[in-house]
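Before any comments, here is the structure.
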2 protein chains.
Amino acid sequence: MSESTEEPGPSEPSLDEQIAAYQREFRDLDPQVEQVVSALGRLNRRMNVAYGRQVAALGISNAEWEVLKTLVLSGAPYRLGPGELAKRLGLTPAAMTHRIDRMAGEGLVTRDRDENNRVRVIVELTDEGRTKWLEAMRMASDFEEDLLQDLSGDERGVLGELLVRLLRRVEHAQPDAGGRLTDLD
Amino acid sequence: MSESTEEPGPSEPSLDEQIAAYQREFRDLDPQVEQVVSALGRLNRRMNVAYGRQVAALGISNAEWEVLKTLVLSGAPYRLGPGELAKRLGLTPAAMTHRIDRMAGEGLVTRDRDENNRVRVIVELTDEGRTKWLEAMRMASDFEEDLLQDLSGDERGVLGELLVRLLRRVEHAQPDAGGRLTDLD
DNA sequence: CTCGAAGACTTTAGCACTAAACTTAGAAGG
DNA sequence: CCTTCTAAGTTTAGTGCTAAAGTCTTCGAG
C-alpha cells in the first residue's frame, strides 16, 4: 500500500471481482467498507503512475517534483533547510542530502551554508526550478480537472467533504474515543 | 497529490493551509478539485503507514502482506507463478524473485518447479502464510471499520460510489472523449 | 576560556527495487 | 533430429532509500 508510499499496480482483477473474492475467503468483511478502502488505494496508485509520466515529460522525477512543491508551498523566498524538507516529505535527512545533490546538479535548487549559523544549510529554489514547478503544476491541474470531469460541482463538494472527515479521523484521532486509531503516527 | 505509492508524510501544513498556499502561487487552481486530490493523497499515505505498523506487529512487512493477499485472492489452492504475481503487484519479475526467496525462507510460501512444464515455477501459500494473512486481515478490517466510524451507511455508500466513478475514469479512460486521460497506463 | 553537549547535516553499510543481460525448457520449422 | 524462437525466471549493475555512525558548528557551564 504506499506513498505512498505502496505502489502496486497495473494488472489486477476488477474491483468487484476482488471484493467478491475477499468475501469468499473472509466472511466478516463489510463490502461497503472494502469498496471505499480498495477504491481509495487503487485510485491513488493509478494517479501516481499518471503524475510520474507527466512530470517525466518535463525531465524531472516524481521525487523531484515533490521537493519543488514543498519549496513553493513554503512561500517566497522559497528557502528551507534539508532537515525541514525531509520532515515535510517524510524522508530521512540522509535521503534529502542525496536528492538535493541531484537537484542542485540539475540547476533546480541551490545549496548554501547559512552565513549567520554555519552549521545550517539553505536550499533555495532557482528560477529554473520555479519554472519547472509551474509547468508541472499546469499539467497536474489539467489532469486533475480531467479526472473529476464526470462529477458535478455538488458531487465534488460532497466527495471532498467526506474525504476530509476521514483524513481528520486519521490525523488527529481523539484519545479515549474507542481507541484503536489513537496511535497512528 | 502523490504516493505511493509516493510516500511522503508526517509533518506537513494543514490541508486548508496547503490549499491556500497553492492558490497564492498558482491562480488557476480550483480549490474544490485540489481539496479532493490532496485529501486523497494524504489519506492514502497515512493509511499505508498505519497498515505497515499493524502488520509489523505480526512480524511481516507491508510488501509481504501484499503477496499474501494476492495469493489468497487467487483462490484455493493459492498458487501462482512468480511472473503472474509480479504482474498483479506491479513489480518486475526480478523483484519477485527476491521477495519469494525471503518469504520461502520464512515459511510463508513454498517455491517449486512445475513438474509438467519445468520452466515454470509455482509459488504456493503455506498454512502458516494463510494464518498470517488471516491475522493481518482481521487487524486491517478492524482498522478500516474504525476509520469509517464517523460516516453513516448512506455516506459510505455515496463515498464508495464516487470513488468507483473516479477509478473507472482512470482505468478505462475512453479514447476520443477529450483525450488527455487516454494513455494513462 | 575551555570543555562538554547538542544540533544539523553528511557518510557508510545494507536493503529493495528497476532495467537489462543471461539461462534454460519447451515449441516450431526445415 | 537439429536449429531457432519464445517464454519464464534468475542474475547483474546501478539507483534511492533507511538506520546508524561520524563530522563540524554553536551554545552553555564551570
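Below, read A as the first sequence line, B as the second, and so on, with proteins coming before strands; counting in each chain starts at 1. Being a predicted model, the structure only gives us computed values, none of them experimental.
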Length of the CD1-C1' vector between A:I100 and D:dG16, whole Å: 14 Å
For B:L73, side-chain contact (heavy atoms from CB on, under 4.5 Å) partners two or more places apart: A:Q18, A:A21, A:Y22
Spacing of A:M103 atom CE relative to D:dG16 atom P, expressed in whole Å: 12 Å
Summary of protein contacts for nucleotides 23-29 of chain C, nucleotide by nucleotide, where a base hit scores B, a sugar-phosphate-only hit scores S (4.0 Å, heavy atoms): -BSS---
Basic-acidic side-chain contact under 4.0 Å: B:E12, A:K87: no
Exceeds 12 heavy-atom contacts within 6.0 angstrom, atom CZ of B:R111: yes
Electrostatic pair A:K132:A:E128 at N-O distance under 4.0 angstrom: no
For A:L151, the option from B:R169, B:R165, B:Q32 that meets side-chain contact (heavy atoms from CB on, under 4.5 Å): B:R165
Short side-chain donor-acceptor distance under 3.5 Å, B:Y51 and B:E144: yes
Protein proximity profile, nucleotides 17-22 of chain C - base contact B, sugar-phosphate-only contact S, no contact -, cut-off 4.0 Å on heavy atoms: SBB---
Salt bridge flag under 4.0 Å for residues B:E145 and B:R156: yes
Distance in angstrom units between A:K87 NZ and C:dG7 P, rounded: 13 Å
Whole-Å gap separating C1' (D:dC17) and CG (A:N62): 15 Å
A:R99 side chain near A:L89 side chain, heavy-atom distance below 4.5 Å: yes
Atom-to-atom span, CZ of A:R111 to C1' of C:dC9 - whole angstrom: 9 Å
